[in-house]
Amino acid sequence: MLEVMSILGFSSFQDIGRSGFRSLGLSRSGAADYYAMAEGAALLDQSPNSTALELIGNGGIFNVLEDCMVALTGATMLASADQKPLAWNASHYLYKGNILNLTTQQNGRYSYLHLRGGFKAPKIFNSCSAQPVAGIGQYTRPKDILAQLENKQDPIECQKIEPFNRFDLTTFRLVESFQTKLFNQETIERFIDTEFSIDNQSSRGGVKLTHTGSGFSTSNQLKILSDVIVPGDIQMTGFGQPFVLLADCQTMGGYPRIGCIIPPDLPAIAQLKPDKKVKFKFIAREEANRIVAEDTKSLELIKRRCSAPIRDPEKMEDLLDFNLIDGAVWAKD
């Protein structure tokens, strides 16, 4: 178990989200970065739907109440246990009385703390994902006790993982939406040629894009009937301002959508920090299906990305616990 001592931003329990409730007006929600969920699960040898703590901002400080094993994935943070550095994209043993400190996100917006066995959290509509704006769950607060599910886990070795590359992507792939053809060709070409910036007014619901020049509008956008929308859709407001919808987006919308980002690119655009520059390109639906299939296969084989950590002997306090010499020979000319 971990006790929250302080939170420097927002954090909430997330898993891979809920499906099948869109007709009730409830979005999928779930982790903004599903790669991070899969990486943490691989490091701890557990289900990718295990509940993790998603941290937005500058992390937090946690008191370790019981011996446990954790993994750290997603946007890299400076991490330490009792002021001793911990590697990111790796799993670690923590011991009762340790103080875990996670601070200063370096390359993204969403970081993840995973617990071996998963965190215990209420399951609502088949998911433990919190969505406070919808009245489901809440953000983590100081003095909260983050408990482990009551299921016995066999011990495993600490590992590191080669993360999926998603923190330096600048061009995002789109497929046509049902409303792409409502935009004339000149507007579509101008959209593709435009370099956008990530605005700081972004959240788990969507990313606001800013640019110079006029907006991207259709001639009859005020007459569009509200329709089903999904994460990845790029909506244009009445002023032609583009928004990329993310995990906590609404389920219906009446703004025109110029295209939809393919799922394997969604973790990357969710992780982009403010002022990052991005562009978009359309790809054929057949190519998108191929990319999604390859992504699914990569996730199925994710354990291959794990390996034993490389440790610096000068910094190992448990060095004498290892078998450093496995034998000796006597050689004489």
Side-chain angles (χ1 to χ4, degrees), residues 31-39 54-57 73-77 88-89 104-112 161-177 180 183 186-216 230-237 240-249 257-296 298-299 305:
D33 182 349
Y34 68 78
Y35 286 137
M37 296 295 290
E39 290 161 354
E54 182 181 79
L55 299 136
I56 309 171
T73 66
T76 303
M77 283 183 168
W88 204 259
N89 295 311
T104 313
Q105 282 180 322
Q106 299 179 318
N107 62 342
R109 301 173 70 109
Y110 299 93
S111 305
Y112 295 84
I161 193 168
E162 177 190 355
F164 286 91
N165 180 22
R166 59 194 182 278
F167 293 102
D168 56 4
L169 194 64
T170 57
T171 300
F172 294 87
R173 296 163 292 188
L174 306 175
V175 292
E176 289 187 354
S177 77
T180 300
F183 296 85
E186 184 275 331
T187 301
I188 292 174
E189 290 176 0
R190 184 165 56 86
F191 177 79
I192 294 171
D193 291 338
T194 298
E195 184 178 65
F196 297 93
S197 294
I198 302 296
D199 191 83
N200 59 7
Q201 296 182 29
S202 299
S203 68
R204 283 179 44 84
V207 173
K208 180 181 179 181
L209 304 177
T210 60
H211 66 287
T212 58
S214 58
F216 303 89
V230 296
D233 276 344
I234 302 180
Q235 277 191 324
M236 299 296 176
T237 67
Q241 178 79 50
F243 279 80
V244 178
L245 304 183
L246 296 180
D248 282 356
C249 70
R257 292 159 287 163
I258 200 167
C260 187
I261 298 175
I262 64 174
D265 286 1
L266 280 178
I269 199 159
Q271 286 284 15
L272 284 177
K273 301 191 83 170
D275 298 326
K276 287 287 187 180
K277 307 295 184 184
V278 300
K279 296 190 73 173
F280 299 94
K281 69 174 182 179
F282 281 95
I283 62 174
R285 195 166 294 273
E286 292 76 14
E287 183 182 358
N289 290 337
R290 177 186 60 78
I291 293 169
V292 170
E294 291 175 352
D295 184 64
T296 301
S298 296
L299 290 171
R305 306 175 79 94

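Qualifying salt bridge (Lys or Arg N to Asp or Glu O under 4.0 Å) partners for Arg290, counting only residues two or more places apart in sequence or in other chains: Glu287, Glu294. Taking the salt bridge (Lys or Arg N to Asp or Glu O under 4.0 Å) definition, one finds that Arg109 meets it with nothing, sequence neighbours left out. Every residue two or more places apart in sequence or in another chain that forms a side chain to side chain contact (heavy atoms under 4.5 Å, CB included) with Glu176 is listed here: Thr180, Lys181, Phe282. With sequence neighbours excluded, the residues satisfying salt bridge (Lys or Arg N to Asp or Glu O under 4.0 Å) with Arg173 are Asp265. Shown here are the ring pair (Phe, Tyr, Trp, His ring centres under 6.0 Å) partners of Phe196, two or more places apart in sequence or in another chain: Phe191, His211, Phe216, Phe280.
A donor-acceptor contact shorter than 3.5 Å links the side chain of Arg190 to the backbone of Ser214. Ser177 contributes a side-chain N or O that, together with a main-chain N or O of Arg257, makes up a donor-acceptor pair within less than 3.5 Å. Judged by distance alone, the side chain of Gln105 and the main-chain N or O of Leu55 form a donor-acceptor pair under 3.5 Å.
Using a cut-off of 4.0 Å between Lys/Arg side-chain N and Asp/Glu carboxylate O, Lys281 and Glu189 are scored as not salt-bridged.
Stacking of Arg305 on the aromatic ring of Phe164 is recorded, both the 6.0 Å distance cut-off and the 45° axial limit being met.
Once rounded to the nearest 0.5 Å, the distance linking OG1 of Thr187 with CD1 of Ile258 reads 7.0 Å. Atom CD of Glu39 sits about 6.0 Å away from atom OG1 of Thr73, to the nearest 0.5 Å. The distance from atom OG1 of Thr76 to atom CD of Gln106, rounded to the nearest 0.5 Å, is 6.0 Å. We find the OH-CE distance between Tyr112 and Met77 to be 11.0 Å, quoted to the nearest 0.5 Å. Distance CG/Leu209 to OG/Ser202: 7.5 Å, rounded to 0.5 Å.
No side-chain donor-acceptor contact under 3.5 Å links Glu54 and Tyr110. Side-chain N/O atoms of Asp295 and Tyr34 include a donor and acceptor closer than 3.5 Å.
Taking a 6.0 Å sphere around NZ of Lys208, one finds it holds more than 12 heavy atoms contributed by other residues, nucleotides or ligands.
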Next item on the list: For the pair Ile234 and Phe243, evaluate side chain to side chain contact (heavy atoms under 4.5 Å, CB included) and give the outcome as yes or no after the intermediate values.
Entry: CA-CA 5 Å; Ile234 302 180; Phe243 279 80; over 6 Å; no
Next item on the list: Give the intermediate values and the outcome of side chain to side chain contact (heavy atoms under 4.5 Å, CB included) for residues Ile198 and Asp275.
Entry: CA-CA 5 Å; Ile198 302 296; Asp275 298 326; over 6 Å; no
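Among residue pairs with one or both ends in residues 191-201, those qualifying as side-chain hydrogen bond (donor to acceptor under 3.5 Å, both in side chains) are Ser197-Lys277; sequence neighbours excluded.
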